[in-house]
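Have a look at the structure below, then the notes.
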Number of protein chains: 2
Amino acid sequence: MQIAVLLYPGFTALDAVGPYEILGRLPGAETVLVAGEPGPVRNDQGSLALVADRALTDVPRPDVVLVPGGPDSRRAMNDPQTRAWLRAADETSTWTTSVCTGSLILGAAGLLKDRRATTHWLAHEELRALGAEPTGERVVFDGKYVTAAGVSSGIDMALHLFGRIAGDEAAQTVQLLTEYDPQPPYDAGSPEKAPAHLVARWRGVSTASLATEG
Amino acid sequence: MQIAVLLYPGFTALDAVGPYEILGRLPGAETVLVAGEPGPVRNDQGSLALVADRALTDVPRPDVVLVPGGPDSRRAMNDPQTRAWLRAADETSTWTTSVCTGSLILGAAGLLKDRRATTHWLAHEELRALGAEPTGERVVFDGKYVTAAGVSSGIDMALHLFGRIAGDEAAQTVQLLTEYDPQPPYDAGSPEKAPAHLVARWRGVSTASLATEG
């Protein structure tokens, strides 16, 4: 099973690495970080680069496609090579997945039309404008399309998907070995739970400004 | 505030990137991925490389030191350059931190002697052998030393630390913007919670075998 993780300039590191860490442990998985060209790809914060080991053209038929988000996902959304690769890969993929605003990139490639999907809580209307039906859920399955909410939700998405692919016991084993027993010190991880004045401060802010202001 | 994330061959990607994603959003933070030499550093799974932008010698006095774990952390534990850098950086650091078996690397450098600390649940005895007092907690503060349990716990550690450094409201904002509202599909993330037969299967297995078997 080949898992392709798409990288592009300005991606959010945890969007890619959270699910990578889980899905990469699938029995027999070959995980490949891909980009337009092989080489280092720098993230939204600018202080981290992941290496794309292969070019998109080298990985035409992955079984799983994973698209991370990023505050400036618009560039990837509008990139003809990325769109063409996503459309072609999706024709034969078993699962086409995204984290955070990665769903906007899938949507821009025309892959989420009339599908239930999710994205970062600040980007629901952008997702709707691309023809999808945004939900408030953290992880959304619609057939083979699996989308996750903001940044950290990719870990939950990957664990769900791991269970579907390899069974509950194998997924529980990965949860145990990665000690995924979350205990955040605050309960502010969604707009429903965070203090209202913090949510209000960010409502209406475009996700593109999050890299510098967040 | 300079945050140095130590990379070494065989590190676990999420150990580094989970806390990076949170701490990198500290106001005024300069986050630097460091290794013995600049360049790509490949992880435990072998399918991902993060770029070290600076050599250890270029970053002698970081404010925050972050050491990720990895199943073959022994090489980093025994590396004279890494030990010397950790000891010297620790002399002036504000916080010295680790995730998973990263605490074994801190311990091998002599930094956790008689300190309360934690590590991956399979490595508690190794940590004890290095002079620390392992606890069952997910995140342990002992003075400026902050250690986290296995892999995913670095996110919780970083959020705790973010709150200490920048205040609760700033930390809650980061939790909201990274949508860290965990909803794992299983409740198997610790040896106390996972099915007993899964825990029994892994007890006594060295962490060094996790890269290939996990």
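Naming: A, B, ... by sequence-line order, numbering from 1 per chain. When reading the values below, keep in mind they use all heavy atoms of this one structure, side chains included, and skip hydrogens, waters and symmetry mates. Fair warning: this is a prediction, and the values are worked out from it, not measured in the lab.
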A:Asp168 versus chain B, the contacting section by heavy-atom distance below 4.5 Å: both

pair A:Tyr180-B:Pro182: side-chain heavy atoms closer than 4.5 Å: yes

Interatomic spacing from OG in B:Ser190 to CG in A:Leu176 - rounded to 0.5 Å: 7.5 Å

Whether over 12 other heavy atoms sit under 6.0 Å from A:Arg42 CZ: yes

Min side-chain heavy-atom separation B:Leu48-A:Leu33 under 4.5 Å: yes

B:Glu179 side chain near A:Val151 side chain, heavy-atom distance below 4.5 Å: no

A:Ala149, part contacting chain B, at a heavy-atom distance under 4.5 Å: both

Heavy-atom side-chain contact between A:Tyr20 and B:Val17 under 4.5 Å: no

Check against salt bridge (charged side-chain N to carboxylate O under 4.0 Å, His left out), A:Arg201 and B:Glu169: CA-CA 12 Å; A:Arg201 188 182 302 165; B:Glu169 185 164 302; 3.1 Å; yes

Side chains of B:Leu198 and A:Gln175 in contact at under 4.5 Å (non-hydrogen atoms): no

Region of B:Pro191 that comes under 4.5 Å of a non-hydrogen atom in chain A: both

For B:Leu159 against A:Tyr186, the heavy-atom pair lying closest together: O-CE1, 4.0 Å

Evaluation steps, side-chain contact (heavy atoms from CB on, under 4.5 Å), between A:Val51 and B:Val51: CA-CA 7 Å; A:Val51 177; B:Val51 177; 3.8 Å; yes

Segment of B:Ala194 engaging chain A (4.5 angstrom heavy-atom cut-off): side chain

Distance, nearest 0.5 Å, that separates CG of B:Leu177 from OG of A:Ser152: 11.0 Å

CD on A:Gln183 to CD on B:Glu137, rounded to 0.5 Å: 9.5 Å

Winner by heavy-atom pair count (cut-off under 4.5 Å) against chain B, out of A:Pro40, A:Ala49, A:Pro27, A:Gly46: A:Ala49

Proximal component of B:Ile155, with respect to chain A [non-hydrogen, under 4.5 Å]: side chain

Which atoms of B:Val5 approach chain A - backbone, side chain, both or neither, heavy atom under 4.5 Å: neither

Among the listed options B:Gly24, B:Pro184, B:Gly163, B:Ala13, the residue most often paired with chain A at heavy-atom distances under 4.5 Å: B:Pro184

Verdict with reasoning, B:Asp181 to A:Arg138, per salt bridge (charged side-chain N to carboxylate O under 4.0 Å, His left out): CA-CA 9 Å; B:Asp181 177 27; A:Arg138 187 161 173 85; 5.1 Å; no

Over 12 foreign heavy atoms within 6.0 Å of CD, A:Glu30: yes

